[in-house]
Protein chains: 2
Amino acid sequence: MPEAHDMLFRSLADPTRRAIFERLCRDGEQTVGALTVHAGVSQPVVSKHLAILKQAGLVRDRHEGRNTHYSVQLGALAPLIDWTSEMAGFWQSRFDDLEDLLKRMDQ
Amino acid sequence: MPEAHDMLFRSLADPTRRAIFERLCRDGEQTVGALTVHAGVSQPVVSKHLAILKQAGLVRDRHEGRNTHYSVQLGALAPLIDWTSEMAGFWQSRFDDLEDLLKRMDQ
DNA sequence: AAGATCCATACCTCGTTGGCTATGAATCTG
DNA sequence: CAGATTCATAGCCAACGAGGTATGGATCTT
């Protein structure tokens, strides 16, 4: 069972995939075709990347006729923010501990 | 030239590597041996992971006799925070645009 | 000095994956 | 209905990467 953070980080690790996600963040909902134009890779590759992003909970799709529109999933980045905050928190708390120690040593 | 964010995300994508980084965040400076005990992989593998984390700017090393101590690099997570904020910002601003639009339509 | 310990590097292997083309299903359009 | 368009899936391949063992350099320890 791949931990939840795994898919998240792994999804964003690939440059092509991250670029697609960034574009969706910047410009909002896009069809596969529109995304393919700027992706620099073939349409099937874009579709595969989108499937991975979707499975990671980063994007969602909406079907309309023969078009599929992708957009950023609400709260997509929340786990990333949480993880980062947690790690930064650990770091900070140890820093505080050191500060306390130094303060007590100072007395 | 691999963009800076690439190494960052790719470094954190691997579970073993991320676990090592998390441990350094939680418990502070550690020797390679200490990290290897809990890593579940061989010592050379741990060394390699640490080299990757170091190249990504996430950790730093300090040599002391035959021991090498690794610790989280100051400001390691800053680029990650920045990127996340930027993406969330794009999303938010488009949301605001929509809100404005709806507001104007409401009149 | 000899052995033990710590770590990094070299080398190999195998699974994963990101890319492609081909194709088919589904939907417009003439 | 026939062709065109949009997208997803399947199959394939080359490259990468994470794991292992073997080994050597450097440093304690006796």
Side-chain angles (χ1 to χ4, degrees), chain A residues 1-24 27-56 58-73, chain B residues 1-24 27-56 58-73:
Chain A
M1 50 173 181
E3 204 173 328
H5 284 146
D6 262 54
M7 288 199 308
L8 194 60
F9 279 112
R10 290 211 18 245
S11 295
L12 297 172
D14 181 72
T16 304
R17 203 154 48 220
R18 194 172 60 254
I20 291 174
F21 179 76
E22 291 178 357
R23 170 163 285 271
L24 287 176
D27 303 336
E29 191 179 75
Q30 308 260 337
T31 68
V32 176
L35 290 170
T36 300
V37 173
H38 307 95
V41 292
S42 67
Q43 173 268 313
V45 169
V46 172
S47 280
K48 199 191 295 185
H49 282 313
L50 287 168
I52 293 174
L53 288 172
K54 181 183 172 187
Q55 201 191 355
L58 285 169
V59 304
R60 62 199 200 87
D61 58 349
R62 180 175 67 83
H63 297 279
E64 190 183 65
R66 61 183 166 181
N67 296 321
T68 309
H69 299 262
Y70 282 87
S71 57
V72 174
Q73 172 70 259
Chain B
M1 49 174 181
E3 204 173 327
H5 285 145
D6 262 53
M7 289 198 308
L8 194 59
F9 280 112
R10 283 187 6 92
S11 295
L12 296 172
D14 180 73
T16 304
R17 203 154 48 220
R18 194 172 60 253
I20 291 174
F21 179 76
E22 290 178 357
R23 171 163 284 270
L24 287 176
D27 303 337
E29 192 181 73
Q30 309 260 337
T31 68
V32 175
L35 290 169
T36 301
V37 172
H38 306 94
V41 293
S42 67
Q43 172 265 313
V45 169
V46 173
S47 280
K48 200 191 297 185
H49 281 313
L50 287 168
I52 293 174
L53 288 171
K54 181 183 172 187
Q55 201 191 356
L58 286 169
V59 305
R60 63 199 201 87
D61 58 348
R62 179 176 67 84
H63 297 280
E64 189 183 65
R66 61 184 166 181
N67 297 320
T68 309
H69 300 262
Y70 281 87
S71 57
V72 174
Q73 173 70 257

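The structure presented is a predicted model; accordingly, all values stated were derived computationally and were not measured. By convention in this document, chain letters (A, B, ...) are assigned in the order of the sequence lines, proteins followed by strands, and residues within each chain are numbered from 1.
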side-chain contact (heavy atoms from CB on, under 4.5 Å) evaluation trace for Ile20(A) with Leu53(A)
CA-CA 9 Å; Ile20(A) 291 174; Leu53(A) 288 172; 4.1 Å; yes

List the atom pairs, donor and acceptor, that lie under 3.5 Å between side-chain atoms in residues 29-39 of chain A and the rest of the protein, sequence neighbours left out.
unit_1	atom_1	unit_2	atom_2	d
Glu29(A)	OE1	Arg62(A)	NH2	2.6
Glu29(A)	OE2	Arg62(A)	NE	2.9
Glu29(A)	OE2	Arg62(A)	NH2	3.4
Thr31(A)	OG1	Ala34(A)	N	3.1
Thr36(A)	OG1	Val32(A)	O	2.7
His38(A)	ND1	Ala34(A)	O	3.2

Could you tell me whether a side-chain N or O of Arg17(A) sits under 3.5 Å from a main-chain N or O of His49(A), the two making a donor and an acceptor?
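Side chain of Arg17(A) to backbone of His49(A): no pair is present.
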
Any chance you could measure His5(A), atom NE2, to Met7(A), atom CE, to the nearest 0.5 Å?
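Here the rounded value is 11.0 Å.
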
Gap separating the NE2 atom of His69(A) from the NE2 atom of His63(A), nearest 0.5 angstrom:
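With rounding to 0.5 Å, NE2 (His69(A)) is 10.5 Å from NE2 (His63(A)).
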
So what does Val32(B) hit on the nucleic acid, given a heavy-atom distance under 4.0 Å: a base, only sugar-phosphate, or nothing?
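The answer is sugar-phosphate, as Val32(B) gets under 4.0 Å only of primed atoms, P, OP1 or OP2.
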
Considering every strand and a 4.0 Å limit on heavy-atom distances, what is the contact class for Ser47(A): base, sugar-phosphate, or nothing?
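Base contact.
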
Looking at DNA chain D, which of residues 33-43 of chain A put a heavy atom within less than 4.0 Å of it?
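Contacting residues: Gly33(A), Gln43(A).
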
Please list residues of residues 10-17 of chain B whose heavy atoms come under 4.0 Å from any atom in DNA chain D, ordered by number; otherwise none.
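Within residues 10-17 of chain B, the residues near DNA chain D are Arg10(B), Asp14(B), Thr16(B), Arg17(B).
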
Quick one: [X] [atom1] to [N] [atom2], roughly how many Å, whole number?
X        : N       : atom1 : atom2 : result
Ile52(A) : dG18(C) : CD1   : C1'   : 8 Å
Arg66(B) : dG3(C)  : CZ    : C1'   : 11 Å
Lys54(B) : dC7(C)  : NZ    : C1'   : 13 Å
Lys48(B) : dC6(C)  : NZ    : C1'   : 18 Å
His49(B) : dT9(C)  : NE2   : C1'   : 15 Å
His69(A) : dT27(C) : NE2   : P     : 14 Å
Gln55(B) : dT9(C)  : CD    : P     : 12 Å

Closer than 4.0 Å, any side-chain N/O of Asn67(A) to the OP1 or OP2 of dT27(C)?
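Looking at the OP1 and OP2 atoms of dT27(C), neither is under 4.0 Å from any side-chain N or O of Asn67(A).
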
Is any side-chain heavy atom of Asp6(A) less than 4.5 Å from a side-chain heavy atom of Arg18(B)?
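The answer is yes; the side chains approach within 4.5 Å.
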
Less than 4.5 Å apart, any side-chain heavy atom of Leu12(A) and any of Leu58(A)?
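Answer yes - side chains close enough.
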
Pairs involving residues 41-51 of chain A, ordered by first then second residue, that meet salt bridge (Lys or Arg N to Asp or Glu O under 4.0 Å) (sequence neighbours left out):
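Not a single pair qualifies under salt bridge (Lys or Arg N to Asp or Glu O under 4.0 Å).
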
Evaluation steps, side-chain contact (heavy atoms from CB on, under 4.5 Å), between Leu24(A) and Val59(A):
CA-CA 9 Å; Leu24(A) 287 176; Val59(A) 304; 3.8 Å; yes

Contact interval (first through last nucleotide) of DNA chain D with protein chain A, 4.0 Å heavy-atom
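Span of nucleotides near chain A: dA4(D) to dT9(D).
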
Mind checking what makes side chain to side chain contact (heavy atoms under 4.5 Å, CB included) contact with Gln73(A), not counting sequence neighbours?
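Side chain to side chain contact (heavy atoms under 4.5 Å, CB included) check on Gln73(A) returns Arg60(A), Ala76(A).
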
For the residue pair Ser11(A) and Ile52(A), what are the closest heavy atoms and their distance?
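Closest pair (atom of Ser11(A), atom of Ile52(A), distance): OG-CG2, 3.7 Å.
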
